[in-house]
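Computed from heavy atoms alone, side chains included, the values below leave out hydrogens, waters and symmetry copies. Letters A, B, ... are given to chains in the order of the sequence lines, protein chains preceding strands, and every chain is numbered from 1.
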Amino acid sequence: MKKTTRNLAIGLVVLVILVFFPYISPPFQLRMLTEIIIFTLFTLTWKMMLNEGGMFSFGHAAYFGLGAYASVLGWLHIKGLSFLSGVFLGGLAAALVAFLLSAFLVRLSGTYFALLTFAFNQLIWGLIWKWRAVTGGDDGLGSFPKPDLLGVAMKSPENFYYATLVIIGLCLFLCWYLIKTPFGNTVMSIKANEERAKFIGIHVNTTKIIFLTQLGFFAGVSGALFAQFHEFICPTVIDMGRSTNVLFMAYIGGVGHFWGPLVGSGIFVYLSEYLSSLTDRWEFFLGLVFVIIAVFAPQGIAGIIKRKR
Amino acid sequence: MDLNFTTFVFQSLHGLAYGMLLFLVASGLTLVFGVMNVLNIPHVAFYMLGAYFSYQMLLWVGNFWIGLVVCPIVVAGLGVLWESSLLKRAHAGGHVQEFIIGFGVLYVVNEAVKWIWGTQDLPVPIPAALSGSVLILGRVYPVYRLFILFFSLLVVGFLAYILKKTRLGMTVRAAVSDRDMVGALGINTPLVFSLVMGIGAWLAGMAGVIAGPFINTYPGMALEILVDCFIVSVSGGLGSLLGAVVASLMIGQLYSFGIIFIPRFAIVFAFLFMAVVLIIKPTGLFGEKT
């Protein structure tokens, strides 16, 4: 009970800061915060896959990128597609692909699971990269419409920030709730002991497929919002670098902790922004940070804070 | 493009040269995975370091052959250092932690190389003895590519000899099939791990040295071969050297002929191949362990 109260208190404080942030911050900071919030959902889906589902994905950018591309293609080619429908479309497309791929994925485990997700990720990346007629290839897709959301202009960064906050907040809540449902318990029981779960009559593979499809949907939603945030997408939204980044974000924050994804994506976005303004060789220091974290703080930053208490 | 017999032979020779180079790199990766059950991400960093060290040796000594002997040994030393200092600490944390620390080291090496040698392509001249070309079926073919072919075959033979005929090879093969049992039999497994990592890095460094004159030396070379390496060692079967040979030759031919027939989608087919192999036989074409 005490832990829930504490989490609720932290949540309230974070929420208040997030709501009033646009009033106290320069526009540049607001942009970064928007990006952090979008990445938080993306990171959370990866984290849930590992922490609750026991599956290590090394191709998570596939869902993120598919969400981005599907929603952008929707906004480009479907006349009058609203903001929310576009985001939803991105999520649905990612969920559909996640559903199809997971039928193959659930038969594997461990490193082989990770490598198959990697192969699928690269396959989709390659198709998007080379299929110029539809995706624009290297040149990417830009200048797509940015429809208003319920009459509110999304072109203003503050409005877009609030819309992102609400949509992502809702998704985060749904993810959190998903784990609390009996279905969430089933997923976690499979992670704890797959064989026993099978013996007590749980359809292991079906459960995993449903879980992966749901996570695919949320990753797709974050991808769609990312596309609207950047107002431009190119194959880097779906490449190997993005799949390693989500690993880093989840890991810096701490995989086993509720606040991990927020902390992780926050540190990652600020760190890469700050380092890249200092030096061209910023990835050197980023790599160094990862090595140090992996050696000295395998539970992530959230883990350190928890241990101190 | 018109495909007559000569073109066919030449394309397959091109594919063979790249395939063998790929094998030299991927064999180390697959060996390390087989023994230690670690997907060793910095492996490709060793390959890149081999190429850059060889460039530096050319500047200092001016002799390619000295570099070919010395550089892989230096890289092997770095490999042992990496295994015994960092990887060991991450081992307890499982695959994810090994991935994180591996990518961290890869990033660090990747950027350090840009710092030291700059971001431009470094042209490495082909050693004088191998700079000519020979006539094959009335067309000229660079000798250096034939050298890559024969040299790689030599290394494969050497590796096969060590694995099949020596005591070290026997221990390694035993460790591939059952790591814990080998430890229980009183064999110093940490030492075996370090040695295997050293051999793997030595192979990667060697591949880097001979890749220099073949495909230049540039900062992106590690990440570029990482993907091909994954395809080869996974579809061949992690831990299987025979699988690595077969898969790298297949990938070499796929790229070589893909450029003629399916110029835009050759890379897509490589990933499709990997995915299909994993779906049908998760342990790869020749892998045994699950």
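Within the 4.5 Å cutoff, the side chain of Leu39(B) has heavy atoms near those of the Leu115(A) side chain. Side-chain contact check for Met240(A) versus Leu223(B): some heavy-atom pair is nearer than 4.5 Å. Contact check for Asn110(B) versus Phe284(A): no side-chain heavy atoms found under the 4.5 Å cut-off. Taking the side chain as every heavy atom from C-beta outward, Leu50(A) and Val96(B) approach each other to under 4.5 Å. Gln122(A) has its side chain out of reach of Phe230(B): every pair of non-hydrogen atoms, C-beta onward, lies at least 4.5 Å apart.
Interface residue Leu226(B): only side-chain heavy atoms are found under 4.5 Å from chain A. In this structure, chain A has heavy atoms under 4.5 Å from both the backbone and the side chain of Ile100(B). For Arg281(A), the parts lying near chain B are the backbone and the side chain together; criterion is any non-hydrogen pair under 4.5 Å. Neither the backbone nor the side chain of Phe113(A) comes within less than 4.5 Å of any heavy atom of chain B. Only the side chain of Val234(B) comes within contact range of chain A, with at least one heavy atom under 4.5 Å from a heavy atom of that chain.
Going from atom CG of Leu116(A) over to atom CE of Met274(B) covers 7.5 Å, rounded to the nearest 0.5 Å. With values rounded to the nearest 0.5 angstrom, Gln97(B) atom CD is found 11.0 Å from Ile293(A) atom CD1. Between the CG atom of Leu123(A) and the CZ atom of Phe273(B) there is a distance of 13.5 Å, given to the nearest 0.5 Å. In this structure, CD on Glu111(B) lies 11.5 Å from CG on Leu288(A), to the nearest 0.5 angstrom.
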Test side-chain contact (heavy atoms from CB on, under 4.5 Å) applied to Glu98(B) and Thr111(A), step by step = CA-CA 11 Å; Glu98(B) 286 159 7; Thr111(A) 312; over 6 Å; no
Trace of the ring pair (Phe, Tyr, Trp, His ring centres under 6.0 Å) decision for Tyr251(A) with Phe99(B) = CA-CA 11 Å; Tyr251(A) 215 77; Phe99(B) 258 67; over 10 Å; no
Output, in order, the C-alpha distance, side-chain angles, deciding distance and verdict of side-chain contact (heavy atoms from CB on, under 4.5 Å) for Tyr112(A) and Leu238(B).
-> CA-CA 10 Å; Tyr112(A) 291 96; Leu238(B) 282 162; 3.9 Å; yes
Decide side-chain contact (heavy atoms from CB on, under 4.5 Å) for Phe120(A) and Phe271(B); before the verdict, give the C-alpha distance in whole Å, the side-chain angles of both, and the deciding distance to 0.1 Å.
-> CA-CA 7 Å; Phe120(A) 282 144; Phe271(B) 294 125; over 6 Å; no
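Top candidate by heavy-atom pairs under 4.5 Å with chain B, chosen from Trp125(A), Phe118(A), Phe290(A), is Phe118(A). Comparing Ala250(A), Ala114(A), Gly126(A), Ala119(A) by how many heavy-atom pairs each has under 4.5 Å with chain B, the most go to Ala119(A).
Atom CZ of Phe104(A) has 12 or fewer neighbouring heavy atoms from other residues, nucleotides or ligands inside a 6.0 Å radius. Heavy-atom neighbours of Met32(A) CE from other residues, nucleotides or ligands within 6.0 Å: above the threshold of 12. A 6.0 Å sphere centred on CD of Gln120(B) holds more than 12 heavy atoms belonging to other residues, nucleotides or ligands. Annotation: Trp115(B), atom CH2; neighbour count of heavy atoms from other residues, nucleotides and ligands within 6.0 Å is above 12. The 12-atom threshold is exceeded at CZ of Arg173(B), counting heavy atoms of other residues, nucleotides or ligands nearer than 6.0 Å.
Summarising the geometry of Ile101(B) relative to Ala294(A), their closest heavy-atom pair is CB-CB, 3.9 Å, with the distance given to 0.1 Å.
Taking the ring centroids of Tyr107(B) and Phe248(A), they lie under the 6.0 Å cut-off. Taking the six-membered ring for Trp, Phe58(A) and Phe103(B) have ring centres closer than 6.0 Å.
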